[in-house]
J.: 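Dropping the structure in here first, questions after.
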Amino acid sequence: MTLSRRAAVLLLAAGAWTLYVWVTRLWIMTGQDESTGFKVVHGVLAVVSIAFGIAVARLGWRALRAARPESAATRDGAPV
């Protein structure tokens, strides 16, 4: 299955947004005075969400590279 360029960009944006939100949340949590349970639960949620964000962004990146026009991907039949 081939994704359109629009879908690939959307996947990249979703992955980037997920990473931004959860990395920011982890940073904020380090300065909060919350219970250990709160930090553990939200830390696990963050790690899982960051892993999904990376996976989604990786799929988007691969799809975007696959959707490049032939002329941009190769020059005189040789990979660039």
Side-chain angles (χ1 to χ4, degrees):
M1 182 174 115
T2 304
L3 294 174
S4 67
R5 183 171 174 81
R6 174 185 260 174
V9 171
L10 181 64
L11 286 174
L12 273 172
W17 178 255
T18 300
L19 290 173
Y20 169 75
V21 167
W22 282 103
V23 169
T24 302
R25 180 68 186 125
L26 282 175
W27 183 258
I28 291 170
M29 272 181 20
T30 60
Q32 288 181 326
D33 188 24
E34 296 287 346
S35 68
T36 302
F38 176 88
K39 288 187 176 185
V40 168
V41 167
H42 285 83
V44 170
L45 284 172
V47 168
V48 170
S49 294
I50 288 169
F52 278 127
I54 290 171
V56 167
R58 189 171 177 203
L59 288 172
W61 180 255
R62 286 183 175 180
L64 192 61
R65 290 190 66 201
R68 286 192 308 189
E70 184 68 28
S71 61
T74 61
R75 184 178 9 157
D76 298 329
V80 175

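Note that the coordinates shown come from a computational prediction; the quantities given were computed from them, not determined experimentally.
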J.: Once ring-ring contact (aromatic ring centres under 6.0 Å, His included) is applied, do any residues pair with Tyr20, and if so which ones, sequence neighbours excluded?
T.: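 ring-ring contact (aromatic ring centres under 6.0 Å, His included) list for Tyr20, sorted by chain: Trp17.
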J.: Grouping I, L, V, M, F, W and Y whenever their side-chain heavy atoms are under 4.5 Å apart, do Val23 and Ile54 come out in a common cluster?
T.: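 Same cluster.
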J.: Show every donor-acceptor pair shorter than 3.5 Å between a side-chain atom in residues 26-41 and any protein atom, with sequence neighbours excluded, or say none if there are none.
T.:
from, atom 1, to, atom 2, distance (Å)
Thr30, OG1, Trp27, O, 2.5
Ser35, OG, Phe38, N, 3.2
Lys39, NZ, Gln32, O, 3.0

J.: Using the test side-chain contact (heavy atoms from CB on, under 4.5 Å), find all partners of Ala7 that sit at least two apart in sequence or belong to another chain.
T.: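 Expected list: Leu3, Ser4.
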J.: Rounded to the nearest 0.5 Å, how far does CG of Leu45 lie from CD1 of Ile50?
T.: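 Going from CD1 on Ile50 over to CG on Leu45, the span is 11.0 Å.
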J.: Just jot down the ring-ring contact (aromatic ring centres under 6.0 Å, His included) partners of Trp61, sequence neighbours excluded, or say none.
T.: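 Expected list: none.
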J.: Is there a path of hydrophobic side-chain contacts, each under 4.5 Å between heavy atoms of I/L/V/M/F/W/Y residues, joining Leu19 to Trp22?
T.: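 Yes, it is one cluster - the side chains of Trp22 and Leu19 are joined through contacts under 4.5 Å.
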J.: Please list, chain by chain and in numerical order, all residues satisfying side-chain contact (heavy atoms from CB on, under 4.5 Å) with Ala8, sequence neighbours excluded.
T.: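 Per chain and number, Ala8 pairs via side-chain contact (heavy atoms from CB on, under 4.5 Å) with Ala63, Leu64.
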J.: Give me the atom names and distance for the closest heavy-atom approach of Ala14 to Val56.
T.: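 Minimum heavy-atom contact is CB-CG1, 4.3 Å.
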